[in-house]
*Asks:* 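Sharing a structure here in structure tokens format.
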Amino acid sequence: MDNFFITRDFDWNVQRSSHVDRALNLLTRRLGINSNTAALVDAMLQRLTGQKFSATRSGISTNVEQRMNMYHLVSQTIAYNVDGDLVEVGCNEGQSSVLIAKLIKGFNSSKKLHVYDSFEGLPSTRRVDGDAYKEGDLATTEDVLINNFKLHGLEMPVIHRGWFDDTLPDGLPEKICFAHLDGDLYDSISVSLKYVYPRLSKGAVCLIDDYCDPAINPDGWDYLPGVKKACDDFMADKPEKICYMYAGAFTHAFFRKSAD
Ligand SMILES: C[S@@+](CC[C@H](N)C(=O)[O-])C[C@H]1O[C@@H](n2cnc3c(N)ncnc32)[C@H](O)[C@@H]1O
């Protein structure tokens with residue numbers, strides 16, 4: 001299966017991953033700039049600099065490098081038939097969920113995708129989370145996610161709407177072969193790991209977005225420090241080691257479950 005859809009087929013389609021893009025993206029979110037205005041800003045910046053800007057659109061979650069990494073990790077677990085289904089904890093509009101679903105379809109796999117989100121944005125933040133986001137940021141609606149799946153002609157995922165504390169204890173598949181944890185905050189990642197980890201099969205991959213280790217990558221996007229702390233705290237007494245991955249100016253990491 002080709003992987004061209006990673007860059008070509010995405011409405012969001014952030015091809016570049018510079019700090020400038022990421023900073024502009026944050027700024028537009030902070031200022032509450034809607035996508036029409038953001039498109040105008042994009043056009044003005046392009047006129048001024050001669051460069052294309054696309055990160056001023058709101059709601060951009062992943063860059064090409066992250067999607068490439070995700071492509072390979074999801075593909076592995078499906079190709080090697082690791083036991084269980086796939087989950088995304090923190091799905092928002094479904095940018096990553098769509099990629100995962102495309103791979104399930106591409107492999108003709110019978111595995112299911114389960115996605116989890118409040119769709120009301122982030123819960124309250126704590127000091128450990130830094131100040132990139134505040135409560136209510138990233139709010140969207142379930143309809144946006146559903147429309148994105150329709151747009152890409154994909155089978156609907158199983159949607160678990162609500163706070164992770166409420167949806168994860170009884171709403172996860174029995175066995176999980178791939179998990180994408182993208183809850184941004186210390187508490188959200190902690191609760192995700194608490195419930196997802198025991199269900200990961202041997203060989204399963206758990207990919208954690210925004211995990212940034214400045215000691216390894218001083219230029220990484222280190223705006224959500226609660227993510228690394230939650231992972232490091234949870235994994236301290238576990239046999240698996242977290243593997244930090246190159247992802248351009250964005251950051252993420254994964255571990256592979258060593259036993260059921
Ligand atoms: C960065 S977005 C996810 C982006 C998505 N994974 C993607 O790649 O497009 C984080 C999402 O996590 C959700 N979230 C964070 N903490 C949550 C919690 N405790 N319960 C429910 N949803 C939560 C937010 O509503 C938000 O939509």
Side-chain angles (χ1 to χ4, degrees), residues 6 9-14 17 22 25-26 29 55 57-71 73-74 86-103 113-126 128-130 132-149 151-152 154 157 159-172 178-196 206-212 221 223-224 226-227 230-231 247 250-254:
I6 286 175
D9 205 15
F10 277 74
D11 212 8
W12 312 282
N13 214 7
V14 186
S17 57
R22 192 75 185 204
N25 184 229
L26 258 184
R29 280 202 216 133
R57 286 196 225 162
S58 62
I60 291 160
S61 300
T62 55
N63 63 4
V64 172
E65 289 91 337
Q66 285 178 309
R67 294 203 291 270
M68 294 285 278
N69 288 337
M70 190 180 295
Y71 172 90
L73 291 171
V74 172
L86 298 89
V87 303
E88 185 176 43
V89 187
C91 60
N92 197 256
E93 298 177 353
Q95 294 178 32
S96 300
S97 304
V98 161
L99 192 157
I100 296 166
K102 271 182 183 280
L103 288 166
L113 172 62
H114 292 248
V115 299
Y116 303 78
D117 210 294
S118 66
F119 298 107
E120 293 175 31
L122 298 172
S124 57
T125 62
R126 299 205 275 134
V128 64
D129 295 312
Y133 290 133
K134 58 182 186 328
E135 185 173 358
D137 279 354
L138 307 178
T140 183
T141 68
E142 213 171 314
D143 286 349
V144 177
L145 175 95
I146 290 169
N147 281 336
N148 282 329
F149 272 76
L151 194 74
H152 291 272
L154 295 164
I159 301 172
H160 302 260
R161 182 198 181 104
W163 300 108
F164 299 159
D165 286 302
D166 301 323
T167 54
L168 295 181
D170 300 317
L172 285 166
F178 177 87
H180 188 219
L181 309 188
D182 198 2
D184 292 340
L185 308 178
Y186 182 92
D187 288 340
S188 299
I189 295 295
S190 299
V191 71
S192 304
L193 284 165
K194 177 179 170 187
Y195 290 106
V196 166
C206 182
L207 176 62
I208 305 122
D209 197 47
D210 299 308
Y211 182 107
C212 183
W221 194 79
Y223 286 86
L224 295 169
V227 172
C231 293
F250 288 25
T251 56
H252 61 180
F254 80 101

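Because only heavy atoms are used, hydrogens play no part in the values below, and waters and symmetry mates are left out as well, while side chains stay in. Whatever order the structure lists them in is the order used to number ligands and atoms, beginning at 1. Residues: numbered from 1 along the sequence shown.
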*Asks:* Less than 3.5 Å between some nitrogen or oxygen of Asp182 and one of ligand 1, yes or no?
*Replies:* yes

*Asks:* So which heavy atom on Tyr133 is nearest to which on Thr125, and how close?
*Replies:* O-CG2, 3.7 Å

*Asks:* Hey, is the main chain of Leu185 close enough, under 3.5 Å, to the side chain of Asp129 for a donor-acceptor pair?
*Replies:* no

*Asks:* Any side-chain to backbone donor/acceptor pair from Ser190 onto Tyr186? Under 3.5 Å, distance only.
*Replies:* yes

*Asks:* Polar contacts were defined as any N/O atom of the residue lying under 3.5 Å from an N/O atom of the ligand; does this apply to Ser118 and ligand 1?
*Replies:* yes

*Asks:* Judging by distance only, is a nitrogen or oxygen of Ser188 under 3.5 angstrom from one on ligand 1?
*Replies:* yes

*Asks:* Looking only at heavy atoms, is any part of Leu185 under 4.0 Å from ligand 1, and if so is it the side chain, the backbone, or both, or is it neither?
*Replies:* neither

*Asks:* For Glu88, which of Asp117, Leu99, Val115 qualifies under side chain to side chain contact (heavy atoms under 4.5 Å, CB included)?
*Replies:* Val115

*Asks:* Distance under 4.0 Å to a non-hydrogen atom of Gln95: what atoms of ligand 1 satisfy this?
*Replies:* 9 (O)

*Asks:* Counting only heavy atoms, which portion of Pro123 has something under 4.0 Å from ligand 1: side chain, backbone, both, or neither?
*Replies:* side chain

*Asks:* Counting N and O atoms only, with roles assigned by atom type, does the side chain of Gln66 sit under 3.5 Å from a partner on the main chain of Thr251, one being a donor and the other an acceptor?
*Replies:* yes

*Asks:* Quick one: which of Asn69, Thr62, Asp182 gives a side-chain hydrogen bond (donor to acceptor under 3.5 Å, both in side chains) with His252?
*Replies:* Asn69

*Asks:* With heavy atoms of Glu88 as the reference, note each atom of ligand 1 found under 4.0 Å away.
*Replies:* 5 (C), 6 (N), 8 (O)

*Asks:* Looking only at N/O atoms, are Ser96 and ligand 1 under 3.5 Å apart anywhere?
*Replies:* yes

*Asks:* State the atoms of ligand 1, each with its element, that fall below the 4.0 Å cut-off from a heavy-atom position in Gly121.
*Replies:* 24 (C), 25 (O)

*Asks:* With heavy-atom distances below 4.0 Å as the criterion, list the atoms of ligand 1 near Leu138.
*Replies:* 1 (C), 2 (S), 10 (C), 27 (O)

*Asks:* With a 4.0 Å cut-off on N to O distance, would you call Asp137 and Lys134 a salt bridge?
*Replies:* yes

*Asks:* Any side-chain heavy atom of Phe149 within less than 4.5 Å of one from Ser97?
*Replies:* yes

*Asks:* Near Asn92, which atoms of ligand 1 are under 4.0 Å from a heavy atom of that residue?
*Replies:* 2 (S), 3 (C), 4 (C), 26 (C), 27 (O)

*Asks:* May I ask you to list the atoms of ligand 1 that are less than 4.0 angstrom from any heavy atom of Gly90?
*Replies:* 3 (C), 4 (C), 5 (C), 6 (N), 11 (C), 12 (O)

*Asks:* With a 4.5 Å cut-off on side-chain heavy atoms, are Phe164 and Lys194 touching?
*Replies:* no

*Asks:* With a heavy-atom distance limit of 4.0 Å, tell me whether Cys91 approaches ligand 1 through its side chain, its backbone, both, or neither.
*Replies:* backbone

*Asks:* Is ligand 1 less than 4.0 angstrom away from at least one heavy atom of Gly162?
*Replies:* yes

